[in-house]
Amino acid sequence: MPMMEADWAQPIVKENLSDRAYLGLRQALMRGQLKPGEMLRLRPMSVRFGISATPMREALLRLVSEKALTLDARGTVTVPTLTLDQLLEIRSIRIDLEGRAAAAAAVVANGEEIANLDAIHLLIAECHRAKNFEKAVDLNTEFHLNLCRMGRLPIVYDIIETLWIRCGPILSHLYDAGLPDWEPHPHLRIIAALRAKDAQTARYAIRDDIEFGGKGLLMHAKDNTA
């Protein structure tokens, strides 16, 4: 039976309300907790975060300016649906940059970091068995971003995180076609490459994970001619 998850929009009680709402929305976008086409109306969002309309509006408009959200003529903020061209471009850049980060991580990552990555993958496998795919998407984001941080390339990491804000919502469809049929899982190949300090294999494994693991997402991209 799928595990019940807490609401991602937790009430905010400290200072810097707009910044904290902004960071909460960023996390929700990256982790696939906000879906393509989902409308983020000001008043309901303010209630969910437990803040007034002004800081909530500031947070939403900040993400609109970063092209992570869209604003229509009526003033409604929406999670965008990527076009196929956008999705393919983001995927190509992710393969390049996450490949660099994975290769770097193979050189510098320590045993504790690798063990933590392994633990995240084990939790993903548990979610697969329980058919808790929403949590699996969340943990998949955690796996990738942790791997990228392990590379000790902070500028590359910042760019990767921005890409995840753009592509995270469509990753909510990652398991719509079921579980990928591959053995071993690319995550396990990555972990083995990190332990062996094999930068090239780590780079190739993350490429396969992004390219082939996300093939099913292509059907959810918006027609470029629409």
Side-chain angles (χ1 to χ4, degrees), residues 5-94 97-98 133-142 144-145 148 155-176 210 214 216-226:
E5 298 301 321
D7 188 358
W8 57 264
Q10 297 298 311
I12 296 170
V13 296
K14 296 185 178 180
E15 296 179 356
N16 303 317
L17 300 182
S18 178
D19 286 346
R20 291 174 65 83
Y22 166 79
L23 293 173
L25 287 166
R26 273 175 58 101
Q27 285 292 315
L29 288 164
M30 283 191 291
R31 294 176 176 273
Q33 293 164 323
L34 290 171
K35 311 296 189 289
E38 187 171 345
M39 290 186 291
L40 306 181
R41 299 188 185 281
L42 180 60
R43 291 188 182 280
M45 292 302 297
S46 300
V47 171
R48 290 186 73 177
F49 278 100
I51 60 177
S52 66
T54 298
M56 193 72 246
R57 183 184 296 108
E58 291 172 354
L60 291 168
L61 292 180
R62 186 173 171 187
L63 286 161
V64 169
S65 71
E66 296 174 0
K67 302 186 185 305
L69 299 173
T70 60
L71 181 67
D72 66 19
R74 297 171 298 176
T76 302
V77 175
T78 304
V79 179
T81 300
L82 294 176
T83 65
L84 181 58
D85 282 349
Q86 288 171 331
L87 178 57
L88 291 174
E89 183 178 2
I90 289 172
R91 189 176 73 174
S92 177
I93 300 169
R94 282 186 58 209
L97 295 185
E98 291 190 36
F133 297 125
E134 183 176 349
K135 183 61 177 178
V137 168
D138 184 13
L139 288 166
N140 181 67
T141 302
E142 189 173 341
H144 280 259
L145 295 183
C148 292
I155 296 174
V156 169
Y157 177 81
D158 285 346
I159 298 170
I160 290 169
E161 194 172 86
T162 299
L163 292 171
W164 273 83
I165 293 167
R166 298 285 296 273
C167 72
I170 203 169
L171 291 176
S172 63
H173 295 295
L174 187 61
Y175 297 107
D176 282 10
I210 295 170
L217 299 176
L218 301 180
M219 71 182 69
H220 296 285
K222 187 165 60 178
D223 186 341
N224 298 317
T225 62

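Count residues from 1 along the sequence.
Considering CZ of Arg91 and CG of Leu82, their distance stands at 12.5 Å, rounded to 0.5 Å. Note that CZ of Arg48 is 8.5 Å distant from CG of Leu40, once rounded to the nearest 0.5 Å. How far NZ of Lys135 is from CG of Asn140: 12.0 Å, rounded to the nearest 0.5 Å. One distance of note links CD1 of Ile159 with SG of Cys148; it measures 11.5 Å at 0.5 Å rounding. Between the CZ atom of Arg41 and the CG atom of Leu60 there is a distance of 12.5 Å, given to the nearest 0.5 Å. In this structure, Leu69 CG and Leu29 CG are separated by 5.5 Å, a value rounded to the nearest 0.5 Å.
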Apply side chain to side chain contact (heavy atoms under 4.5 Å, CB included) to the pair Met30 and Leu145, showing each step before the final yes or no. CA-CA 10 Å; Met30 283 191 291; Leu145 295 183; 4.0 Å; yes
Please assess Trp164 against Arg94 for the test side chain to side chain contact (heavy atoms under 4.5 Å, CB included), listing each intermediate value before the final yes or no. CA-CA 9 Å; Trp164 273 83; Arg94 282 186 58 209; 3.1 Å; yes
For Val47 and Arg43, what are the C-alpha separation, side-chain angles and deciding distance, and is it a side chain to side chain contact (heavy atoms under 4.5 Å, CB included)? CA-CA 6 Å; Val47 171; Arg43 291 188 182 280; 5.6 Å; no
Run Tyr22 and Leu63 through side chain to side chain contact (heavy atoms under 4.5 Å, CB included) and show every step you take. CA-CA 7 Å; Tyr22 166 79; Leu63 286 161; 3.5 Å; yes
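Residues Met45 and Leu25 meet the side-chain proximity criterion, which asks for heavy atoms closer than 4.5 Å. Residues His144 and Ile210 are in side-chain contact: their nearest non-hydrogen atoms beyond the backbone lie under 4.5 Å apart. The closest side-chain heavy-atom distance from His173 to Lys35 is not below 4.5 Å.
Annotation for Leu87 and Leu217: closest pair CD2-O, 3.8 Å, computed over non-hydrogen atoms. Closest approach of Asp138 and Gln33 over heavy atoms only: OD2-NE2, 4.1 Å. Nearest heavy atoms, Ile165 versus Ala68: CG2-CB, 3.4 Å.
A donor-acceptor pair is defined here as one N or O able to donate and one able to accept, closer than 3.5 Å; such a pair exists between the side chain of Arg166 and the backbone of Lys67. Within the 3.5 Å criterion, the main-chain N or O of Leu42 finds a donor-acceptor partner in the side chain of Ser46. Under the 3.5 Å distance criterion, the side-chain polar atoms of Ser172 are left unmatched by any main-chain donor or acceptor of Gly168. Side chain of Asp72 to backbone of Thr76: a donor-acceptor contact under 3.5 angstrom is found. Of the possible donor and acceptor atoms, none in the side chain of Thr78 sits under 3.5 Å from a partner among the backbone N and O of Thr70.
Crowding of Glu66 atom CD: a count of heavy atoms from other residues, nucleotides or ligands under 6.0 Å exceeding 12.
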